[in-house]
Amino acid sequence: MTGPDGVVVLTDRLVARDRLDRVVAGAVAGGVRWVVLREKDLPRAERAALAADLRAILADVGGTLVVAGPDPLGGDAVHLPAAGPYPPPTHTVVGRSCHNQAELDRLTTEHYATVSPVHPTKTKPGYGPPLGPDGLRRLIDISPVPVLALGGVETPDQVTTCVRAGAAGVAVLGAIMRAEDPCAAAAILTSAYAEAATPELTQTRHGGTRSPRRGLRPTVPTQGSSLTARSGHGRPQPPTATKGERI
């Protein structure tokens, strides 16, 4: 299994407009195939039950759940913070949060890294000024593994800019968790990714044009009722809350 690409959703039930399993189901119906489960404040048993619910939703479309932290909670994909552990545990997919060259230089057997913050964001404070497209590109160029752009990525134009900078995909939180319609929001972002990741027509030596091999476009179901109707283990949602984002 390769690392994540495309639009990767990070969970945060404290800012989600609906129950977390329903928000994730909507995102999956909109084309998302990778989800990172955070919710580190939950007791392990409750978090493991939530992980099982989300894996079931993703399994319907061949998607993958990545769990933040070294414990995969019954799965085989984890995302680790920059602080550790080192060396990383052995799992099918291992990612790492990075913010600068020093942290990228510490990577060993990880399969991918997130680089953040790319843009100003309410949920990723504490890591200095935003990188911007140029800063993102510089870190991608020196990274030994594929990079997901993270932090303040909320619009199709921002997705396009990140992909053109060399990112394998974008990791988003607020754009999906806070969306009134997670399916529609996901569909817009996944379409932007697919378009940006598809090479343009190239000129042939005879003056004509030819279509290159097209990139993989996300499958966006026209109806997501079977997914969005899933109940699973619902978690209480506070009416309003804010929190700092840490993968």
Does a salt bridge link [X] with [Y], judged by any charged N lying under 4.0 Å from a carboxylate O?
X    : Y    : value
D134 : R137 : yes
E110 : R96  : yes
R13  : D18  : no

Per the side-chain contact (heavy atoms from CB on, under 4.5 Å) rule, which among L150, L131, V153 passes with H119?
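Output: one option passes, namely V153.
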Are [X] and [Y] joined in one hydrophobic group, where the rule is that I, L, V, M, F, W and Y side chains link up if heavy atoms are under 4.5 Å apart?
X    : Y    : value
V93  : V32  : yes
V118 : M177 : no
L136 : L148 : no
Y112 : L139 : no
V23  : V66  : yes

Exercise: identify the closest heavy-atom pair between [X] and [Y]:
X    : Y    : result
A179 : A185 : CB-CB, 3.8 Å
V163 : Y193 : CG2-CD1, 3.5 Å
A113 : L107 : CB-CD1, 4.0 Å
G69  : V78  : O-CB, 3.2 Å
I176 : A27  : CG2-CB, 3.9 Å
L104 : S143 : CD2-OG, 3.8 Å

side-chain contact (heavy atoms from CB on, under 4.5 Å) assessment of V159 paired with T155
CA-CA 6 Å; V159 172; T155 69; over 6 Å; no
Mind checking the [atom1]-[atom2] spacing from [X] to [Y]? Nearest 0.5 Å is all I need.
X    : Y    : atom1 : atom2 : result
N100 : R106 : CG    : CZ    : 10.5 Å
L20  : D12  : CG    : CG    : 8.5 Å
R17  : E180 : CZ    : CD    : 4.5 Å
D53  : L65  : CG    : CG    : 10.5 Å
C162 : I140 : SG    : CD1   : 7.5 Å
L14  : D41  : CG    : CG    : 6.0 Å

Taking the side chain as C-beta and beyond, is there a heavy-atom pair between [X] and [Y] under 4.5 Å?
X    : Y    : answer
L73  : R47  : yes
V172 : V9   : yes
E39  : T11  : yes
S97  : L80  : no
L50  : L42  : yes
P88  : T108 : yes
R55  : V67  : yes
V7   : R33  : no

Show, in sequence, the C-alpha distance, side-chain angles and deciding distance for L173 and R38, and conclude whether the side-chain contact (heavy atoms from CB on, under 4.5 Å) test is met.
CA-CA 11 Å; L173 190 155; R38 297 166 70 247; 3.5 Å; yes
Report the C-alpha distance between V8 and V170 in whole Å, list the side-chain angles of each, state the deciding distance to 0.1 Å, and finish with yes or no for side-chain contact (heavy atoms from CB on, under 4.5 Å).
CA-CA 6 Å; V8 180; V170 296; over 6 Å; no
Side-chain (T190) to main-chain (A187) donor-acceptor, under 3.5 angstrom:
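Yes.
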Taking the side chain from Q158 and the backbone from E154, do they hold a donor-acceptor pair closer than 3.5 Å?
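Pair found, side chain donor or acceptor close to backbone of E154.
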Using the rule given for side-chain contact (heavy atoms from CB on, under 4.5 Å), can you reason through V115 versus H99, listing the C-alpha separation, both sets of side-chain angles and the distance that settles it, and then say yes or no?
CA-CA 5 Å; V115 166; H99 312 90; over 6 Å; no
